[in-house]
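Here is how names work: the chains are called A, B, and so on, in the same order as the sequence lines, proteins then strands, and each is numbered from 1.
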Amino acid sequence: MAGEQLIELAKRRGFFFGSNGAYGGTAGFYTFGPRGAALKRNVEDAWRDRFTLKEGNHEIEAPTVMPEPVFEASGHLDGFDDMLVECGECGVSHRADHLIEDATSIADAETLPGSEVELLIRDHDIACPNCGTPLAGQDVEDFNLMFSTNIGPGDAQPGYLRPETAQGIFVEFPRIKAYARGQLPFGVTQIGPAYRNEISPRGGLLRLREFTQAELEQFIDPEDDDPPLDRVADVDVRLYPAAAQEADDGDYLDTTVGEAVADGVIGSAWVGYYLGVAQEWYERIGVDMGRFRFRQHLPGERAHYAADCWDAESEVGGDWIEIAGFADRGTYDLSKHDAHADDSFTVFKRYDEPKTVERATVDPDMSVLGPEFGGDAGAVAEALEALAERDPDAFDAETVTVDLPDDDAATVDTDVANFSIETETETGEHIIPSVIEPSFGIGRIVQTVLAHAYTVDEIDGEERTYLELAPEIAPVDVAVFPLVSNDDRLVDLADRIAGDLRGHGLSVAHDDSGSIGRRYRRQDEIGTPFCVTVDRDGLEGEGPDSVTVRERDAARQVRVPVDALAEELAALLGDGDAASFETLLERYDSVETDVEAA
RNA sequence: GCGCCGUUGGUCCAGUGGUAGGACAUUAGCUUCCCAAGCUAAUAGCCCGGGUUCAAUUCCCGGACGGCGCACCA
């Protein structure tokens with residue numbers, strides 16, 4: 001519940017802000033500042049680690065501009081536009097196709113041309129649902145949600161910015177399958193921008209015209225391929241099934257992935273598997289699981305090709321927002337491209353046992369058919385082949401007669417057809433894989449982790465705002481300060497340590513401006529998990545030089561030798577529980593600061 | 001796209017028909033051995049276009065951007 005303060009912090013501290021402010025701003029576009037870009041990249045890296053590397057999947061990077069035929073095949077060109085009609089009286093815009101569908105028995109008015117829709121509005125006396133004024137005579141305008149462009153000079157080759165990153169994966173499937181050696185199941189991922197020319201962008205990062213998606217297309221043979229469900233069977237999930245949403249007293253279903261799949265609440269085991277993987281991943285990057293749920297699509301909102309569909313939703317500012325979708329898309333996408341494109345979008349599925357089939361074939365003697373039938377010879381040969389398949393017995397006679405496309409019939413000696421029954425061994429068949437699609441909105445995840453990390457507490461009686469970000473995704477790993485800036489020994493050592501830690505691959509902030517408390521607060525506000533402070537005590541005491549390491553959440557401190565610093569920090573920042581601040585406190589001296597976080 | 005409301009330093013706000021003030025932040029200096037301390041100074045702003053007016057940041061119209069509601073979200 002920190003909506004406005006969070007937006008203010010995001011702007012002030014460089015997480016994100018509306019783009020092109022110098023030119024008045026552009027709705028629907030956001031720029032990630034230095035902190036936001038780092039945070040977003042860390043989220044993407046965490047996603048890549050879990051959904052690409054840990055799953056053994058293949059990541060690709062396809063262009064954002066794709067030619068028109070791609071979207072003719074995908075259905076986006078026809079299906080992705082809205083027909084709008086504006087009321088001349090009250091000015092409210094309506095979906096023209098919806099008005100038609102309500103007033104007539106036409107089911108898919110979306111596919112009608114605009115001119116016809118205008119006639120239908122006139123013929124059926126359709127009026128504005130808002131004010132009742134007849135809409136006859138108003139223009140129906142197409143509004144396609146894809147950004148269009150031209151590829152090369154002129155307008156000979158129209159192109160569009162992809163409205164989802166997935167199309168790049170589907171289009172390149174014929175080649176990608178070769179890299180997977182043609183073996184199902186395999187998964188292909190892509191992280192990158194997608195574009196939709198939204199009518200009305202709203203809500204900060206929530207609905208943008210350019211946004212980043214991380215998508216996984218898991219290609220499977222639904223008959224043979226099962227997910228490794230046991231890996232996530234015990235993962236607890238909070239489900240909000242369609243039935244519960246429709247019931248008056250519907251409630252969440254707290255269960256495990258294994259049980260939900262076994263009970264059929266989750267229809268697809270593959271979808272269930274990825275819900276479990278996603279649940280653990282969201283937890284890892286710091287989503288508050290008390291403000292998280294999986295919501296099943298209602299029958300009405302499901303895309304027509306999706307068998308079962310669940311959304312991951314998080315609560316931000318009191319609203320539930322969709323942050324990922326998990327859909328069983330069946331063979332929809334690959335079938336479309338298989339039908340439209342030249343290449344084959346199938347994989348070869350080997351049978352367990354080769355099948356032996358007897359096939360009737362002909363091998364017509366064209367040196368006879370040619371002279372006899374002239375230009376029709378080819379058609380005669382084709383008709384013979386078709387007949388052999390349909391009615392092999394016809395070739396038992398002396399002559400055989402076939403019908404030609406132009407209603408003529410042709411009779412030839414059976415010998416000429418060279419009819420035979422051949423035995424063939426079939427080792428498999430070409431199938432179009434089914435697709436399970438987990439699709440993540442990166443910007444929405446960034447917004448979620450920021451909102452869930454936003455915390456206000458009290459330190460030393462002063463209110464403090466900080467981001468309780470997971471170290472893995474925090475934009476800065478560690479900040480290094482001299483405790484005071486009027487002692488060159490401290491300043492120089494802080495400089496040296498910062499450089500050394502950067503050499504170890506850490507993202508390091510260096511700050512010697514203002515009091516130490518002020519510098520801690522700056523880092524707290526951007527979620528830096530650890531601060532290293534160089535003080536005189538660490539240089540003057542017995543033994544090797546040491547510095548203090550402060551953790552963000554409770555402001556506890558421990559004194560660590562400079563020589564061990566890089567190694568200890570790397571362990572603290574590594575993913576998983578490789579090391580915790582508690583273990584540091586056990587092994588080194590803690591620092592009394594009289595500071596109390598409450 | 002529609003309706004209502006809004007837009008003043010980096011951020012949050014005050015204010016005015018005669019071109020503006022605060023708080024916080026930032027920078028520099030002094031001070032400072034652990035949590036937004038203090039002192040001094042500096043940087044920095046009326047969203048854009050048109051109209052009314054001697055004069056517009058202020059009033060009017062339009063636009064852009066933002067918030068809320070409607071519509072939309074394949």
Could you state the [atom1]-[atom2] distance from [X] to [N], rounded to the nearest angstrom?
X: Q5(A); N: C13(B); atom1: CD; atom2: P; result: 11 Å
X: F17(A); N: C47(B); atom1: CZ; atom2: P; result: 20 Å
X: R559(A); N: C34(B); atom1: CZ; atom2: P; result: 12 Å
X: E198(A); N: G66(B); atom1: CD; atom2: P; result: 13 Å
X: I323(A); N: C73(B); atom1: CD1; atom2: C1'; result: 17 Å
X: D511(A); N: A36(B); atom1: CG; atom2: C1'; result: 12 Å
X: D457(A); N: A36(B); atom1: CG; atom2: P; result: 13 Å
X: K11(A); N: G10(B); atom1: NZ; atom2: P; result: 11 Å

Residue mapping more 5' on RNA chain B - nearest nucleotide basis, T465(A) or N486(A): N486(A)

5' priority, RNA chain B, between L483(A) and E463(A) [closest heavy atom]: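 Its nucleotide being nearer the 5' end, the pick is L483(A).
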
Using the [atom1] atom in both, what is the distance from [N] to [M], to the nearest Å?
N: G15(B); M: U7(B); atom1: P; result: 11 Å
N: A64(B); M: C24(B); atom1: P; result: 38 Å
N: C59(B); M: A42(B); atom1: P; result: 33 Å
N: U31(B); M: G38(B); atom1: C1'; result: 8 Å
N: G17(B); M: A55(B); atom1: C1'; result: 8 Å
N: U26(B); M: A37(B); atom1: P; result: 9 Å
N: G51(B); M: C13(B); atom1: P; result: 33 Å
N: G6(B); M: U43(B); atom1: C1'; result: 29 Å

Could you please name the option among [options] that lies closest to any side-chain atom of [X]?
X: R207(A); options: C73(B), U32(B), C35(B); answer: C73(B)
X: P163(A); options: A74(B), C12(B), C68(B); answer: A74(B)
X: T533(A); options: G67(B), C34(B), U27(B); answer: C34(B)
X: R196(A); options: U32(B), A74(B), A36(B); answer: A74(B)
X: E164(A); options: C12(B), A74(B), C35(B); answer: A74(B)
X: S513(A); options: U27(B), C34(B), C2(B); answer: U27(B)
X: A555(A); options: C35(B), C2(B), C34(B); answer: C35(B)
X: S200(A); options: U32(B), A28(B), G1(B); answer: G1(B)

Value rounded to 0.5 Å, distance of OG1 in T64(A) from OH in Y160(A):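 Going from the OG1 atom of T64(A) to the OH atom of Y160(A) covers 15.0 Å.
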
K11(A) to F17(A) six-membered ring, cation-pi geometry met (6.0 Å, 45°):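 Because its charged atom misses either the 6.0 Å distance or the 45° angle limit, K11(A) does not stack over F17(A).
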
Cation-pi geometry met for R209(A) and F147(A) (6.0 Å, 45°): no

Side-chain donor-acceptor contact under 3.5 Å, S74(A) with K336(A): no

Side chains of D477(A) and S507(A), donor plus acceptor under 3.5 Å: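 No.
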
Collect all protein-nucleotide pairs involving nucleotides 62-64 of chain B in which both atoms are nitrogen or oxygen and the distance is under 3.5 Å.
{"residue": "A64(B)", "atom": "O2'", "partner": "G24(A)", "partner atom": "O", "Å": "3.2"}

Measure distances between side-chain N and O atoms of [X] and base N and O atoms of [N], and say whether any donor-acceptor pair falls under 3.5 Å.
X: S515(A); N: C35(B); result: no
X: R464(A); N: C35(B); result: no
X: R202(A); N: G66(B); result: no
X: Q557(A); N: C34(B); result: yes

[Y]/[X] salt bridge by N-O under 4.0 Å criterion:
X: R587(A); Y: E568(A); value: yes
X: R559(A); Y: D535(A); value: yes
X: R556(A); Y: E551(A); value: yes
X: E525(A); Y: R521(A); value: no
X: R552(A); Y: D524(A); value: no
X: E210(A); Y: R196(A); value: no
X: E540(A); Y: R489(A); value: yes

Verdict with reasoning, Q213(A) to E164(A), per side-chain contact (heavy atoms from CB on, under 4.5 Å): CA-CA 7 Å; Q213(A) 286 185 311; E164(A) 56 181 14; 3.6 Å; yes

Sugar-phosphate only, base, or nothing, as touched by G14(A) at under 4.0 Å among non-hydrogen atoms: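 The answer is nothing, as G14(A) stays clear of every strand by at least 4.0 Å.
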
Interface residues of residues 516-528 of chain A with RNA chain B (non-hydrogen, below 4.0 angstrom):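 By residue number: I516(A), G517(A), R518(A), Y520(A), R521(A), R522(A), E525(A).
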
Contiguous Watson-Crick or G-U pair runs (3 or more, under 3.5 Å) in RNA chain B: B:1-7 with B:64-70, B:10-13 with B:21-24, B:26-30 with B:38-42, B:47-51 with B:59-63

Worked check of side-chain contact (heavy atoms from CB on, under 4.5 Å) between E322(A) and R295(A): CA-CA 9 Å; E322(A) 176 193 342; R295(A) 189 182 68 82; over 6 Å; no

